[in-house]
Amino acid sequence: GVRRCVLLSSRAVYGRRIAGIPLDETHPAWPDTLYGATKAALEAFAAALGQGEGWEIAVLRPTGVYGVTHPVERSKWYDLVRATLAGEAWPGRHGGGEVHGADVARAVLLLLATPDLAGRVFNCADLYLTDRDIAATVQRLAGVDGPLPEPPPAPPRNLMVCRALAELRFRFGGRPLLERTLAELIEAARRAQ
């Protein structure tokens, strides 16, 4: 009796990128990990159900997901926030596409409410962020100083373009949502001291 479904996939289906082609929903899936291959296989199954069988199933490909979890200590970047507040050097040099969990949930709800999406794929990524970006934002919000992590050794690759969600007029939370989340993590880390 389920009329409409959203399959949560992953950016990992892209794996390797074809040079000169935007990493939008039309870019071929070319996974280079078992996880990415599994997600790509599930996407093929969803496409067959959607386009061949006419079941209203769409695929959402979130990138790295962040937000405040419970317990808060398991939240992405919690340890980085704590180290930044303490003025400690952070060894990480990571960067990647990120999206807030609330934006992922809103995208799922949008896809469930939108007809005629059978077999379609939707990228879901908001901001490119590095450990350095997070630490600098925490320092600014908390009014603290200290060392910043080094930038990543290479420029970003495989940054997704979210054309299909944009066509549905979806808007991500952007920097305001990131800063609200980091403020919550700062407050939680200070309470834990």
Side-chain angles (χ1 to χ4, degrees), residues 1-71 74-78 92 94-131 152 154-174 177-178 181:
V2 175
R3 292 176 301 138
R4 200 168 286 156
C5 178
V6 175
L7 171 68
L8 285 180
S9 186
S10 170
R11 160 190 66 197
V13 299
Y14 291 121
R16 291 178 281 161
R17 181 174 178 181
I18 299 172
I21 298 176
L23 203 57
D24 65 9
E25 292 83 357
T26 64
H27 190 285
W30 198 356
D32 55 4
T33 64
L34 182 58
Y35 177 74
T38 301
K39 290 294 190 175
L42 289 170
E43 286 188 13
F45 181 72
L49 283 174
Q51 296 166 355
E53 302 293 322
W55 190 35
E56 287 283 328
I57 183 169
V59 173
L60 185 67
R61 291 177 177 159
T63 185
V65 180
Y66 74 94
V68 177
T69 63
H70 301 284
R74 292 189 181 169
S75 300
K76 189 172 205 170
W77 305 319
Y78 179 79
H94 302 100
E98 301 290 346
V99 62
H100 195 284
D103 282 341
V104 175
R106 285 188 319 102
V108 167
L109 289 174
L110 174 64
L111 298 181
L112 288 174
T114 305
D116 302 322
L117 298 181
R120 292 206 40 209
V121 172
F122 296 83
N123 284 348
C124 187
D126 186 13
L127 302 166
Y128 173 76
L129 298 167
T130 67
D131 291 342
R157 66 176 206 85
N158 287 4
L159 293 180
M160 294 192 309
V161 179
C162 304
R163 291 198 172 111
L165 279 177
E167 289 171 8
L168 297 178
R169 292 184 160 75
F170 184 85
R171 299 235 186 265
F172 291 98
L177 184 53
L178 170 69
T181 302

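Below, all heavy atoms of this structure are taken into account, side chains as well, without hydrogens, waters or symmetry copies.
- The backbone N or O of Asp116 sits less than 3.5 Å from a side-chain atom of Glu56, completing a donor-acceptor pair.
- Atom OH of Tyr66 is separated from atom CG of Leu127 by 6.0 Å, given to the nearest 0.5 angstrom.
- Defined by atom type and a distance below 3.5 Å, a donor-acceptor pair is missing between the side-chain atoms of Arg61 and Ser9.
- Listed by chain and residue number, nothing satisfies the side-chain hydrogen bond (donor to acceptor under 3.5 Å, both in side chains) test with Arg17 (two or more places apart in sequence, or in another chain).
- With sequence neighbours left out, the side-chain hydrogen bond (donor to acceptor under 3.5 Å, both in side chains) criterion links Asp32 to no other residue.
- The ring pair (Phe, Tyr, Trp, His ring centres under 6.0 Å) search around Tyr78 returns none, not counting sequence neighbours.
- Residues satisfying the side-chain hydrogen bond (donor to acceptor under 3.5 Å, both in side chains) test with His27, not counting sequence neighbours, are none.
- Closest approach of Gly36 and Pro31 over heavy atoms only: C-CB, 3.4 Å.
- With rounding to the nearest 0.5 Å, the separation of CG in Asp131 from NE2 in His94 is 6.5 Å.
- When all heavy atoms are compared, the tightest approach of Ala125 to Met160 is CB-CE, 3.8 Å.
- For Ser10, the side chain to side chain contact (heavy atoms under 4.5 Å, CB included) partners two or more places apart in sequence, or in a different chain, are Ala12, Tyr35, Lys39.
- In terms of heavy atoms, Glu25 sits closest to Val121 at CG-O, 3.2 Å.
- Between Leu117 and the choices Ile57, Leu111, Val59, the side-chain contact (heavy atoms from CB on, under 4.5 Å) rule is met once, by Leu111.
- Across all their heavy atoms, Leu159 and Leu23 have their closest contact at O-CB, 3.5 Å.
- In this structure, Asp126 contributes its side chain and Glu98 its backbone to no donor-acceptor pair below 3.5 Å.
- No donor-acceptor distance shorter than 3.5 angstrom exists from the side chain of Asp103 to the backbone of Phe172, with no hydrogens or angles considered.
- Residues Phe122 and Ala164 come closest through the heavy atom pair CD2-CB, 3.3 Å.
- Listed by first and then second residue, the salt bridge (charged side-chain N to carboxylate O under 4.0 Å, His left out) pairs involving residues 161-172 are Asp24-Arg163, Arg120-Glu167 (not counting sequence neighbours).
- To the nearest 0.5 angstrom, Leu178 atom CG is 5.5 Å from Trp77 atom CH2.
- Smallest separation of non-hydrogen atoms from Ala107 and Leu60: CB-CD2, 4.0 Å.
- Side-chain contact check for Thr114 versus Phe170: every heavy-atom pair is 4.5 Å or farther apart.
- Side-chain N or O atoms of Trp55 include none that pairs as donor or acceptor with a backbone N or O of Cys5 at under 3.5 Å.
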message = Determine whether Val68 and Thr181 satisfy the following criterion, side-chain contact (heavy atoms from CB on, under 4.5 Å), listing intermediate values before the conclusion.
response = CA-CA 7 Å; Val68 177; Thr181 302; 3.9 Å; yes
